[in-house]
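Right, one structure below, let's go through it.
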Amino acid sequence: EGKKSEGNTSESAVQEGQNDSVPEPERERHQEQDNDEEGEDTDSMDGSGLYSLTEEPERESDGGRARKRQRERERPAGGASHHSSSSDDDDDDDDNDEEEDEEEEEEEEDEEAMEAWLGADVQELSFPKWRAVPSLRAREIGQGAQFVRRVCGARGLVQRLELQFRLERHAGCVNTLHFNPSGTRLASGSDDLRVVVWDWARRRAELEFDSGHKSNVFQAKFLPHSGDSTLAMCARDGQIRVAELSATQRCKNTKRVAQHKGAAHKLALEPDSPCSFLSAGEDAVVFGIDLRLDRPATKLVVVKEGDKKVGLYTIFVNPANTHHFAVGGRDQYVRIYDQRKINENENNGVLKKFCPSHLVSSETKTNITCLVYSHDGTELLASYNDEDIYLFDSSHSDGADYRRRYKGHRNNATVKGVNFYGPNSEFVVSGSDCGHIYLWDKNSARIVQFMEGDKGGVVNCLEPHPHLPVLATSGLDHDVKLWAPTAEAPTGLKGLKELMKKNKRERDEDSMRHGDQYDTQLLWFLMRHMRHRRPQRARRGEAGDGDTDESWSSADSSEEEDMGPDHVQCMSS
């Protein structure tokens, strides 16, 4: 099955124009055509922005070739002329030599397949066209109206991202980050069941409160146009809760407004609504929440494939058409719904769905851990469990294939997030099981930056600032990290190629024993849960007088239930 995966990825690399066998002049001509199609590249601060990996591909050593030639010269030409007493020894030597030759050939084939998989993703990028000094000069004379947007989306700044500082307050893994609309505050939620609101620029916590949840907090988001006074939250316990914050830096209360029968990983905000949002859970249910109603939760749809329910890990509202929302979960399909036209008797209510063509009939069990719309709703990005990240055109018809593929990272140990970066969604950013943060140029699908983002080994959350070239990240570490483009020179991407190869090999090895995957993940989660169990119990008594479990759930909501022995909770998002 691992060889099959290599074949699929190699074939995809050929289709995307990433075959290393293309002659150099022909490759340059194709790159020039690609650059012309992409239009103006508002990229770098100076001419030093060219990116390439200078590491040479691994090849068979000269010593190995010499030993092979020596064995061939020493090998007798005619076995019949030798004495029978030594023929057996010669046959054994020949067998050993043949085995060694076969092993060397297999290694060469594996290395060639790996180089083909890497393809043009590690080739030079086009020469950047955006310059800082001319742009600053143009702004001074009134010609730089788009200066800020171009700066925030410039490759030169992405290539100079470096760690600024850490925000430390939580006593568990940080599973969620969210900037308020103005970008002045940052909310974080954790396995310690607490939510912290940060004045991130001053590096201090303005507010800390008990979420009211009984298990890992998975998301905490500021509702838009609410004056930063309302936070919506969801967690592993399946509860959807709302926290009311006061101007005096305290939490007045938290109330439950809906209840899923499984973990609720994601909330989807409506860009202009301070009182309504969506939630999705592992029970396959999508709730519409309207805080103006006496019973806020309304069941919009139960996601199914045929007659089988599909547990959900992610949901996102189209910012350009808020009637549309997309969901993803325990199968390979991205499903788009229209809230005005959901009829479960017709195609299970689905407006259209997308999936990479090679995963439609794949025998491996693939999940979608996260999906997001671009800034204008025209594109949809989906991250697959232990697969790659795919970009879809949201305007395409039902069943359309992906447009771009982003690879090199590893998404296996946790329910990992993915996001766009830049005011016009110029880049794709994701964490990885190897503890690094990857940024790809959206159009070329080439890695332009990678940074070590988590000592615990996994980066899950990536939250771009709404207006500044700043990125907040978190993962298994108990802190929040802030990144900004202050490095004097672009990163050299040293070691990236070997890291990509390592991630690919580990993925192929795991795919060959995928039957044991869920048992391994469950054991990993239980060990981590037991480690944090005692601090969580101690904190449950710290909730303020205003915190309450009062339920605003609708009749369609239900209390937590035992999902049975076959129900497997997935890792922290």
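Keep in mind that the numbers below use all heavy atoms, side chains included, and drop hydrogens, waters and symmetry copies. For this chain, numbers begin at 1 and follow the sequence in order.
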Practice prompt. Find the distance between CD (Gln332) and OG (Ser361) and round it off to the nearest 0.5 Å.
Written response: 8.5 Å

Practice prompt. Say whether, by atom type as modelled, one donor and one acceptor occur between the side chain of Thr314 and the main chain of Leu371 under 3.5 angstrom.
Written response: yes

Practice prompt. Taking all non-hydrogen atoms of both residues into account, name the closest pair between Arg185 and Val197 and its distance.
Written response: CB-CG1, 4.1 Å

Item to complete: Drop me the distance from Ile368's CD1 to Ile389's CD1, to the nearest 0.5 angstrom.
Response: 12.5 Å

Worksheet entry | Salt-bridge criterion met for Lys299 and Asp283 (N-O under 4.0 Å) | no

Discussion item. Less than 3.5 Å apart, any donor N or O on the side chain of Asn411 or Ser383 sitting next to an acceptor on the other?
Written reply: yes

Worksheet, complete the sentence: Value for OG1 (Thr366) from CG (Asp386), rounded to nearest 0.5 Å, stands at 10.5 Å

Worksheet item: For Arg410, does its backbone N or O pair with a side-chain atom of Ser432 as donor and acceptor, under 3.5 Å?
Response: yes

Response to the item:
Distance col, row Leu269:CG vs Phe316:CZ, nearest 0.5 angstrom, shows 8.0 Å

Worksheet item: Which pair of heavy atoms, one from Asp479 and one from Ser474, lies closest together, and at what distance?
Response: O-CB, 3.9 Å

Worksheet item: Should the pair Lys442 and Phe427 be classed as cation-pi, given the thresholds of under 6.0 Å to the six-membered ring centre and 45° from the axis?
Response: no

Worksheet item: Should Glu282 and Arg330 count as an ion pair when the cut-off is N to O under 4.0 Å?
Response: yes

Discussion item. I need the Ser425 OG to Leu391 CG distance, nearest 0.5 Å.
Written reply: 9.5 Å

Discussion item. Assess, by modelled atom type and distance only, whether the side chains of Ser190 and His478 contain a donor and an acceptor separated by less than 3.5 Å.
Written reply: no

Fill in: Electrostatic pair Glu463:Lys221 at N-O distance under 4.0 angstrom
no

Discussion item. With a 3.5 Å distance limit and no angle check, can you tell me whether His178 reaches the backbone of Phe222 through a side-chain donor-acceptor pair?
Written reply: yes

Worksheet item: Any sub-3.5 Å donor-acceptor pair from Asn318's side-chain atoms to Ala320's backbone N or O?
Response: yes

Worksheet item: Taking atom types as modelled, is there a side-chain donor on Glu270 or Ser276 under 3.5 Å from an acceptor on the other?
Response: yes

Worksheet item: Taking the six-membered ring for Trp, are Phe450 and His436 parallel (under 30°), tilted (30 to 60°) or perpendicular (over 60°)?
Response: parallel

Practice prompt. Identify the residue among Leu161, Val429, Ile437 that makes a side chain to side chain contact (heavy atoms under 4.5 Å, CB included) with Gln449.
Written response: Leu161

Item to complete: Indicate whether any N or O donor in one side chain lies under 3.5 Å from an N or O acceptor in the other, for Asn503 and Tyr438.
Response: yes

Discussion item. Quick check: do His409 and Trp440 have side-chain heavy atoms less than 4.5 Å from each other?
Written reply: yes

Discussion item. Salt bridge or not between Glu344 and Lys304? Use side-chain N to carboxylate O under 4.0 Å.
Written reply: no

Worksheet entry | Qualifying residue for side chain to side chain contact (heavy atoms under 4.5 Å, CB included) with Asn347, from Leu351, Val350, Asn345 | Val350

Practice prompt. Taking Asp477 for its side chain and Lys455 for its backbone only, find out whether a donor-acceptor pair lies under 3.5 Å.
Written response: yes

Fill in: Donor-acceptor contact present, side-chain Arg507 to main-chain Glu387, <3.5 Å
yes

Discussion item. How long is the straight-line distance from NZ of Lys416 back to CG of Leu462, given to the nearest 0.5 Å?
Written reply: 10.0 Å

Practice prompt. Please determine which of Gln239, Arg241, His213 meets the side-chain hydrogen bond (donor to acceptor under 3.5 Å, both in side chains) test together with Thr254.
Written response: Arg241

Worksheet entry | Distance-minimising heavy-atom pair for Arg292 and Cys275 | NE-SG, 3.3 Å

Worksheet item: Out of Tyr333, Tyr402, Phe354, Tyr406, which residue meets the ring pair (Phe, Tyr, Trp, His ring centres under 6.0 Å) rule with Tyr390?
Response: Tyr402

Worksheet item: Between Ala258 and Phe287, what is the shortest heavy-atom contact and its length?
Response: CB-CD1, 4.1 Å

Worksheet entry | Gln339 (side chain) donor-acceptor with Gly288 (main chain) under 3.5 angstrom | no

Practice prompt. Would you kindly say whether Asp338 and His323 are connected by a side-chain donor-acceptor distance under 3.5 Å?
Written response: no

Worksheet, complete the sentence: Here the pair of heavy atoms bringing Pro274 nearest to Leu223 is O-CD1, 3.3 Å

Worksheet item: What closest approach, in Å, do Asp210 and Leu193 show between heavy atoms, and which atom pair accounts for it?
Response: OD1-O, 3.7 Å

Discussion item. Less than 3.5 Å apart, any donor N or O on the side chain of Asp191 or Asn175 sitting next to an acceptor on the other?
Written reply: yes

Discussion item. Check the orientation of His265 and Tyr313. Use parallel for under 30°, tilted for 30 to 60°, and perpendicular for over 60°.
Written reply: perpendicular

Worksheet item: Under 3.5 Å, side chain of Asp192 to main-chain N/O of Ala171, donor-acceptor pair present?
Response: yes

